[in-house]
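Scroll down for the structure; my scribbles are underneath it.
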Number of protein chains: 2
Amino acid sequence: MADKSYPGGMTAPTADWLRLDQQICFSLNAASRAFGGVYRIVLKDLGITYPQYLVMLVLWEHGDLPVKKLGEHLRLDSGTLSPLLKRLEAAGLVRRERSTHDERSVEVRLTDAGAALRERALQVPRRIARSTGIDLDEIRDLRTRLDALTEALDAAAVEGAPEE
Amino acid sequence: MADKSYPGGMTAPTADWLRLDQQICFSLNAASRAFGGVYRIVLKDLGITYPQYLVMLVLWEHGDLPVKKLGEHLRLDSGTLSPLLKRLEAAGLVRRERSTHDERSVEVRLTDAGAALRERALQVPRRIARSTGIDLDEIRDLRTRLDALTEALDAAAVEGAPEE
DNA sequence: CGCCATTTAGTTGTGTGCAATTGAATTGTG
DNA sequence: CACAATTCAATTGCACACAACTAAATGGCG
């Protein structure tokens with residue numbers, strides 16, 4: 001109640017916290033979507049979307065993986081990956097094959113076309129870097145901070161929200 | 001061509017750029033989703049989602065706004081806002097009314113319930129801060145960098161991707 | 001062997017997010 | 001006033017993202 005017209009001498013009013021809060025979560029949200037917008041333009045040549053590109057990056061780096069492992073690398077569950085992988089399969093970039101050892105598991109394998117796409121993808125980072133014009137060290141530092149933030153947030157999410 | 005087996009003395013091979021690229025865009029993506037996860041927990045009490053919370057923040061701060069202005073604050077277009085606002089209206093938090101001056105425009109107005117929800121939302125930033133346990137100065141700095149990044153990315157997106 | 005908890009993908013439903021289009025309303029120009 | 005261009009919200013179609021659930025398969029245990 002005293003938040004709307006706070007007298008001087010007090011700490012920052014609670015009302016201001018909503019503004020600050022908006023800046024933080026919104027900045028992250030906006031940056032993520034802005035990044036998606038630039039990638040969308042660059043990736044149009046490759047015919048894949050930004051999340052699909054992330055999947056391909058993991059496959060190019062680690063080779064064939066079961067859906068479970070893929071999800072761990074990307075922090076995504078099967079509800080997101082299943083339809084996404086079907087689209088990649090329809091595009092001829094991956095195959096999905098039941099493991100013979102464990103029929104619960106589905107191996108995601110690169111096709112020849114999927115492996116070949118990597119050559120064209122090599123230009124993507126350069127074009128993104130050129131678009132942003134941001135220093136590599138700056139990016140590296142930002143990544144470190146974001147990863148720390150993500151780790152803290154994930155830890156907080158599993159514990160559940162502490163009650164006040 | 002010389003990327004696969006690069007001789008010594010050259011700069012970082014293009015192949016490594018894909019890994020670096022993955023780290024950057026993925027870190028941002030993961031942080032954004034991790035933030036969403038924590039907000040989802042905290043906001044469950046208020047009965048709204050993370051993007052809906054962002055809309056309410058803008059309305060609480062700036063008062064009633066047309067959809068267009070709301071979208072400018074949030075960097076969202078009507079394709080995203082229209083269904084979102086209908087859900088907020090169904091929840092009784094906002095009303096949507098055609099402007100009498102310009103019948104193309106739709107004014108989004110807080111209902112009494114929507115305005116009252118602000119009191120409960122005042123605890124959200126505190127609970128988020130407690131969940132993350134991250135220094136406020138760190139957050140402020142991160143926000144500054146992210147906003148700069150977003151600005152650069154948006155500028156790059158409108159120009160279109162420069163060809164190599 | 002039979003039974004049950006666990007693991008793993010898949011499916012369904014809800015909610016963004018964005019491109020492209022539609023249609024109504026307004027503005028500028030002659 | 002008439003008419004073309006512009007503005008604005010809504011709609012449509014597609015693609016994540018995640019919670020909740022289903023179903024198949026595995027592994028352990030008696």
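All chains are named by letter (A, B, ...) in the order of the sequence lines, taking the proteins before the strands, and each is independently numbered beginning at 1. Quick caveat: nothing in here was measured; it's all calculated off a predicted structure.
A 4.5 Å side-chain heavy-atom check between A/Leu28 and B/Leu28 finds at least one atom pair inside the cut-off. For the pair A/Leu110/A/Met56, a side-chain contact is recorded, criterion being any heavy-atom separation below 4.5 Å from C-beta on. In this structure the side chain of B/Leu57 never reaches within 4.5 angstrom of the side chain of A/Phe26, judged on heavy atoms.
For the pair B/Glu72 CD and D/dT7 C1', the computed distance is 12 Å after rounding to whole Å. One atom, NZ of A/Lys68, and another, C1' of D/dA25, lie 15 Å apart when rounded to the nearest Å. A straight line from CZ of B/Arg40 to C1' of D/dA20 spans 13 Å, rounded to a whole angstrom. Atom P of nucleotide D/dA10 and atom CD of B/Glu107 are separated by 12 Å, given to the nearest angstrom. Distance CG (B/Leu88) to C1' (C/dG15): 12 Å, rounded to an integer number of Å. At whole-Å resolution of the value, CG in B/Leu84 and P in D/dA10 are 12 Å apart. One interatomic measurement links the two molecules: CZ of A/Arg98 to P of D/dA23, which rounds to 15 Å at whole-angstrom precision. D/dA17 atom P lies 13 Å from atom CG of A/Leu70, rounded to whole Å.
For B/Asp45 and B/Arg127, the salt-bridge test passes: some basic side-chain N is under 4.0 Å from an acidic carboxylate O.
Toward the 5′ end of DNA chain D lies the nearest nucleotide of B/Thr80, the other residue of the pair B/Thr80 and A/His101 mapping further downstream. Judged by closest nucleotide on DNA chain C, A/Leu85 is the one of B/Gly79 and A/Leu85 placed further toward the 5' end. If B/Asp102 and B/Gln52 are placed on DNA chain C by their nearest nucleotide, the residue sitting closer to the 5' end is B/Gln52.
In the set C/dA9, D/dT26, C/dT11, the nucleotide with an atom closest to the side chain of A/Lys86 is C/dT11. Comparing D/dA9, D/dA15, D/dA17 by their nearest atom to the side chain of A/Leu76 picks out D/dA17. With D/dA17, C/dT16, C/dG10 as the candidates, the nucleotide lying closest to the side chain of A/Arg96 is C/dG10. Picking from D/dA17, C/dA25, C/dC18 the nucleotide with the shortest atom distance to the side chain of A/Pro51 gives D/dA17. When the nucleotides D/dC16, D/dA19, C/dT8 are ranked by their closest atom to the side chain of A/Asp77, D/dA19 comes out on top.
Scanning atom types as modelled, no donor and acceptor separated by under 3.5 angstrom connect the side chain of B/Arg104 and the base of C/dT26. One cannot find a donor-acceptor pair under 3.5 Å joining the base of C/dA9 and the side-chain atoms of A/Ser82.
A/Lys44 comes within 4.0 angstrom of no nucleic acid atom, judged by non-hydrogen atoms across all strands. As judged by a 4.0 angstrom heavy-atom cut-off over every strand, B/Thr49 is placed among residues touching the sugar-phosphate backbone only. Among the protein residues, A/Lys69 comes within range of no part of the nucleic acid, since none of its heavy atoms lies under 4.0 Å from any strand. Here B/Arg87 lies in heavy-atom contact (under 4.0 Å) with a base. Within 4.0 Å of A/Ser78, counting heavy atoms only, lies at least one base atom of the nucleic acid. Among the heavy atoms of the strands, none lies under 4.0 Å from A/Pro83. Across all strands, B/Leu81 comes closer than 4.0 Å to no nucleic acid atom at all (heavy-atom distances).
With rounding to the nearest 0.5 angstrom, the CG atom of B/Leu74 is 7.5 Å from the CZ atom of A/Arg33.
Using cut-offs of 30° and 60° for the angle between ring planes, the B/Tyr53 and B/Tyr39 rings count as tilted.
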